[in-house]
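Below you'll find the structure, written out as structure tokens, and then a few comments.
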Protein chains: 2
Amino acid sequence: MATAFRTSASTRDRMIAEARALFAARGFYGVSIAQIAAELGLTKQALLHHFGTKERLYGLVLEQIAEELADLKGALEPGVDPARRLQDWVVAMISDTPPRIERSRLLMREILDNPVRAESAGSWYLKPFLDELVMMLRSVPGWSEASDAQLRATVVQLLGAVNYHAVSGPTFRGIFGAEAAQAMNGIFAAQLQHMLRAVLTAGPGA
Amino acid sequence: MATAFRTSASTRDRMIAEARALFAARGFYGVSIAQIAAELGLTKQALLHHFGTKERLYGLVLEQIAEELADLKGALEPGVDPARRLQDWVVAMISDTPPRIERSRLLMREILDNPVRAESAGSWYLKPFLDELVMMLRSVPGWSEASDAQLRATVVQLLGAVNYHAVSGPTFRGIFGAEAAQAMNGIFAAQLQHMLRAVLTAGPGA
DNA sequence: GAATCCCCTTACCGGTTGGTAGGGACGTTG
DNA sequence: CAACGTCCCTACCAACCGGTAAGGGGATTC
């Protein structure tokens, strides 16, 4: 009972990957399961066969992203200086690969839509990840006595700065032109680390 | 020909205001014109009579927001210290009023959806506003010789941090609970100014 | 070779979408 | 009082939505 379904797992993965791309591009309400299926050369019933409902498919996409975030933080060696770890994490979050951009877009959309969509379960995918960031920040010298609210506000700020870049890329390409956007891209990683360093060394605010 | 339509203009404004609230909460695809109309005690044909299409109504909401942004930057007196002006602007952007939160959410949604939706005209609303911010940043001591890309990257970073707060409020309320979210709210303005000061005094990055 | 299971199909469902057609209530203007 | 324009209504449309029902092709299993 543990054999077979070689290609089937692959098809399932292709479905989730395509759903991830389309949900990231157009949002949950902006894509129909028929459109996702059409992109794969299938009918929507093939999708419904595997996932039952559109919500469940979307949930699996979020689950995949949550796993990626967990892997991403696990890849950071835990021994070193915590400020350095935060910096490494930022670097790891910034690669401009398509899956990474989709991830940022989906997270942003999830944050926007979650209070509205019925099954709010999706948001809990984010919580452990946020808690981990807060813990990381607390172990930075000078931040150990900051309040939870302060730490969380700083983490949210940092997340905003990191994700906004990936999300706004295409729009700013439209506004400023392709080469200007690419120049911004090249600078952004250094700029972001610069900001991170400034914030961390300044310590928590009033 | 310049008289009459007293109540009509008011109805139109109510329609736009309601559309703004719902588009901000659920996104363009997440709301139907019938739902907007129902919220006003009208039928969708009343909306279609005034605006013709859903896209046009959405466009008018964006236009209203663009005007607000223009007013907002105009309200800052141009004489004073530019770093202080940026700080004032951040404060003005952060008030937690419903129209302001709707504005942030709509801008975020626009940035996410715009590359997809056909009429990309919406993003041009943002350009003068961004240019103004870049100019403001350039006149801050220590930033005058930074490249356009550097300035833009910093502005985008700043916008991300500012907007992410308003946008993520409801979701983080769901994750951390109401009181924790409120505590974050109270801290955020000071925290953001703190970050801004740290970044500005540190000067442009490598 | 019959039974079984997996994967995906066609056919169909009730409900909702954005948008059109046309009419009626009401106030203003000749 | 008739004509007209504004504003909003009911009625209707084709298209699409997510989801159900049922069946067929093909490989695996006995």
Side-chain angles (χ1 to χ4, degrees), chain A residues 1-23 25-62 109 113-114 116-122, chain B residues 1-23 25-62 109 113 116-119 121-122:
Chain A
M1 63 165 77
T3 55
F5 59 78
R6 306 169 316 283
T7 54
S8 79
S10 152
T11 296
R12 240 183 94 98
D13 291 348
R14 279 177 57 230
M15 287 173 170
I16 293 181
E18 190 63 45
R20 172 173 174 157
L22 287 181
F23 282 141
R26 307 185 215 166
F28 181 80
Y29 300 110
V31 199
S32 69
I33 48 178
Q35 287 167 344
I36 299 171
E39 212 69 29
L40 295 163
L42 299 173
T43 65
K44 65 177 177 178
Q45 286 71 17
L47 280 171
L48 289 172
H49 166 73
H50 283 282
F51 308 108
T53 70
K54 186 187 182 183
E55 290 275 357
R56 187 130 59 211
L57 172 57
Y58 183 75
L60 286 175
V61 170
L62 284 185
R109 289 192 185 277
D113 290 340
N114 191 289
V116 165
R117 224 186 23 259
E119 293 71 1
S120 60
Chain B
M1 63 165 79
T3 56
F5 58 77
R6 306 169 316 282
T7 55
S8 80
S10 153
T11 296
R12 242 184 93 99
D13 289 350
R14 279 177 56 229
M15 287 174 170
I16 293 181
E18 190 62 47
R20 171 172 174 159
L22 287 182
F23 281 141
R26 308 187 215 164
F28 182 79
Y29 300 110
V31 199
S32 69
I33 48 178
Q35 287 167 345
I36 299 171
E39 211 69 30
L40 295 163
L42 299 173
T43 65
K44 65 178 177 174
Q45 286 71 18
L47 280 171
L48 289 172
H49 165 73
H50 283 282
F51 308 108
T53 71
K54 187 187 183 185
E55 291 273 357
R56 188 131 57 208
L57 171 58
Y58 182 75
L60 286 175
V61 171
L62 284 186
R109 289 192 185 277
D113 291 340
V116 165
R117 223 185 26 256
E119 294 72 1

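Every chain is numbered from 1, with letters handed out A, B, ... down the list of sequences. Here the structure is a predicted model, which means the values were calculated and not measured.
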inquiry  = For the helix from dG1(C)-dC30(D) to dG30(C)-dC1(D), what angle separates the axis at the start from the axis at the finish, each from five pairs, in steps of 10°?
reply    = 10°
request  = Identify the two heavy atoms, one from Glu18(A) and one from Ile36(A), that lie closest to each other, and give their separation to 0.1 Å.
outcome  = CG-O, 4.0 Å
query = Where does the angle between the aromatic ring planes of Phe23(A) and Phe28(A) fall among parallel (under 30°), tilted (30 to 60°) and perpendicular (over 60°)?
reply = parallel
note = Sorted by chain and residue number, the side chain to side chain contact (heavy atoms under 4.5 Å, CB included) partners of Ile16(B) (sequence neighbours excluded) come out as Phe51(B), Leu57(B), Leu60(B), Val61(B), Gln64(B)
task = Please step through side chain to side chain contact (heavy atoms under 4.5 Å, CB included) for the pair Ile33(B) and Met15(B), ending with a clear verdict.
result = CA-CA 10 Å; Ile33(B) 48 178; Met15(B) 287 174 170; over 6 Å; no
ask   = Which whole-number value in Å describes the distance from Phe51(B) CZ to dG19(C) C1'?
value = 16 Å
task = Summarise protein proximity over nucleotides 8-14 of chain D in one line of letters, 5' to 3': B for base, S for sugar-phosphate only, - for none, counting protein heavy atoms closer than 4.0 Å.
result = BBBB---
query = NE2 of His50(B) to CZ of Arg56(B): how many Å apart, nearest 0.5 Å?
reply = 13.5 Å
Would you tabulate the side-chain donor-acceptor contacts of residues 37-47 of chain B under 3.5 Å, counting partners in other chains and residues two or more places apart, or write 'none'?
unit_1: Thr43(B); atom_1: OG1; unit_2: Gln45(B); atom_2: OE1; d: 3.4

note = Separation of dG19(D) atom C1' from Leu57(A) atom CG, nearest Å, is 14 Å
ask   = Can you check the Leu47(B) CG to dT17(C) P distance for me, whole Å?
value = 13 Å
message = Short of 4.0 Å, heavy atom to strand atom, which residues of residues 30-38 of chain B count as contacting DNA chain D?
response = none
note = Here the distance between atom P of dG19(D) and atom CG of Leu48(A), to the nearest Å, is 6 Å
query = When you check the gap from the basic side-chain N to the acidic O, do Arg20(B) and Asp13(B) get nearer than 4.0 Å?
reply = no
ask   = Glu55(A) has an atom CD; how far is it from atom P of dC17(D), in whole Å?
value = 16 Å
task = Grab the CZ-C1' distance between Arg14(B) and dC7(D) for me, whole Å please.
result = 13 Å
query = At what distance, to the nearest 0.5 angstrom, does CZ of Arg109(B) lie from OH of Tyr29(B)?
reply = 12.5 Å
